[in-house]
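What follows is a short report on a single structure.
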Amino acid sequence: MIIEGKYLKMDGIVRPLLRVILKLKNTFYSSFFLIDTGADRTFLPYSMISQFDIDLKDIEVKEDISGVGGPAPYFTYMTELLIGDGEKFKIFKGEVGIFLDPHSAPFPILGRDILDNFKLIFDREKCKIYLLDERHTYEIKEVI
Amino acid sequence: MAMKYVGEIKLDHKTREIFELSKKSMETFAKHSAEIWEKYRGRFVAIIGDEIHSGKTIDELKQKLGDRIKLAIVIKIPYKDKIWIL
């Protein structure tokens, strides 16, 4: 399976995004995730709490993550994410973090808990991003 | 806390439609990105296919769009350009 991401320009900066299907309360939705190879785990932004009516009752607030901006409060949420090429989709199941600070992340973040299941190719020159599963590989050739 | 790979599926028709709608939303976002970032600073933007909606808050967008908000790609456009180091 070859899954294509997309570079999108936002406020003058080009960022790598991937379309992902998200299962919340037994219903599927689709969103753009920032492909973040520096993130240990997958996180959803604060805005999704309101967008998808996620119940904050009984959540356990955690602060054991840290980025450049320091610790960020979040809670965990059981979900499924589907990543695919339009025909077949790989299912990832488990807990994502959801930020409780509205300024923590503008987009959902696809971390290495998922990305480590793929070989990643970022080709900024050709504006191409590929995620290859176990059925595909790549070769590096000298062109000069 | 982590996501684990559990298997592979083919999408049913309804879910495939949702995925295809997000492709259209991504195209709309790419096409109008400069305009979105300039026109809607400090606001939430919801993109559904080729529609672009904005609101001061998510709740305002929910009032406008009802349950369709769940089909939207929602982005908070910052007041000022920011470099993301997450």
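Letters go in sequence order (proteins before strands), and every chain restarts at 1.
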Quiz item: When you measure from the side chain of A/R41 to the backbone N and O of B/M1, does any donor-acceptor pair fall under 3.5 Å?
Solution: yes
Quiz prompt | Top contributor to chain A contacts, counting heavy-atom pairs under 4.5 Å, from B/I18, B/I77, B/I73 | solution = B/I73
Exercise. Please state whether the side chain, the backbone, both or neither of A/T79 comes within less than 4.5 Å of a heavy atom of chain B.
Key: both
Quiz item: Given that the side chain runs from C-beta out, which part of A/Y77 has a heavy atom under 4.5 Å from chain B: side chain, backbone, both or neither?
Solution: neither
Quiz prompt | Inter-chain contacts: residues 115-122 of chain A against chain B, heavy atoms under 4.5 Å | solution = A/N117
Quiz item: Can you check whether A/L110's main-chain N or O pairs, donor with acceptor, with A/D36's side chain at less than 3.5 Å?
Solution: no
Quiz prompt | Part of A/K6 within contact of chain B (heavy atom distance under 4.5 Å) | solution = side chain
Quiz item: Looking at A/F32, does the NZ or CZ of A/R19 lie under 6.0 angstrom from its six-membered ring centre and within 45 degrees of the ring axis?
Solution: no
Practice problem: For residues A/P73 and A/V61, report the shortest heavy-atom separation together with the two atoms involved. | Solution: CB-CG1, 4.1 Å
Self-check item: Minimal non-hydrogen separation, B/S22 against A/S30, with atom names
Solution: OG-OG, 2.8 Å
Self-check item: Side-chain (A/K25) to main-chain (A/D53) donor-acceptor, under 3.5 angstrom
Solution: yes
Practice problem: Spell out, yes or no, whether A/I3 and A/L132 are grouped together once hydrophobic residues are joined by side-chain heavy atoms under 4.5 Å, including indirect joins. | Solution: no
Practice problem: Output the residues of residues 80-101 of chain A for which the shortest heavy-atom distance to chain B is under 4.5 Å, in residue-number order; output 'none' if no such residue exists. | Solution: A/E80, A/L81, A/L82, A/G84, A/G86, A/E87, A/K88, A/F89, A/K90, A/I91, A/F92, A/K93, A/G94, A/E95, A/V96, A/G97
Quiz item: Does a side-chain N-to-carboxylate-O contact under 4.0 Å join A/D133 and A/R135?
Solution: yes
Self-check item: Heavy-atom closest contact (A/P16 atom, A/I129 atom, distance)
Solution: CB-CD1, 3.4 Å
Quiz item: Does A/R124 make a cation-pi contact with A/Y7 (under 6.0 Å, within 45 degrees of the axis)?
Solution: yes
Quiz prompt | Partners meeting ring-ring contact (aromatic ring centres under 6.0 Å, His included) with A/F52 (sequence neighbours left out) | solution = A/Y29
Self-check item: Atom of B/I48, atom of B/A72 and distance for their closest heavy-atom approach
Solution: CG1-CB, 3.5 Å
Quiz item: Which is it for B/D50 and B/T28 under the side-chain hydrogen bond (donor to acceptor under 3.5 Å, both in side chains) test, yes or no, and what are the steps along the way?
Solution: CA-CA 6 Å; B/D50 54 11; B/T28 300; 5.9 Å; no
Quiz item: Are A/L8 and B/Y40 in one and the same hydrophobic cluster, where Ile, Leu, Val, Met, Phe, Trp and Tyr link if side-chain heavy atoms are under 4.5 Å apart?
Solution: yes
Self-check item: Top contributor to chain A interface from B/R16, B/E20, B/K76 [non-hydrogen pairs under 4.5 Å]
Solution: B/R16
Quiz item: Is there a side-chain contact between B/I75 and B/I47 (heavy atoms, below 4.5 Å)?
Solution: yes
Practice problem: Measure across A/G5 and A/L18 and return the closest heavy-atom pair with its distance rounded to 0.1 Å. | Solution: CA-CD1, 3.7 Å
Exercise. Answer with side chain, backbone, both or neither: which region of A/F43 has an atom nearer than 4.5 Å to a non-hydrogen atom of chain B?
Key: side chain
Quiz item: Backbone N or O of B/L21 within a donor-acceptor pair of the B/S25 side chain at under 3.5 Å?
Solution: yes
Exercise. Considering only heavy atoms and a distance below 4.5 Å, find which of B/D67, B/L11, B/I69 pairs most often with chain A.
Key: B/L11
Quiz item: Is any residue of residues 53-65 of chain B within less than 4.5 Å of chain A by heavy atoms, and which ones?
Solution: B/I58, B/D59, B/K62
Practice problem: With a 4.5 angstrom heavy-atom cut-off, could you sort out which part of B/K23 is near chain A: side chain, backbone, both or neither? | Solution: both
Self-check item: Segment of A/M78 engaging chain B (4.5 angstrom heavy-atom cut-off)
Solution: neither
Practice problem: Pick whichever of B/S33, B/A34, B/A46 has the most heavy-atom pairs under 4.5 Å with chain A. | Solution: B/S33
Quiz prompt | Over all atoms of both residues, closest heavy-atom pair of A/L17 and B/F29 | solution = CD1-CE2, 4.5 Å
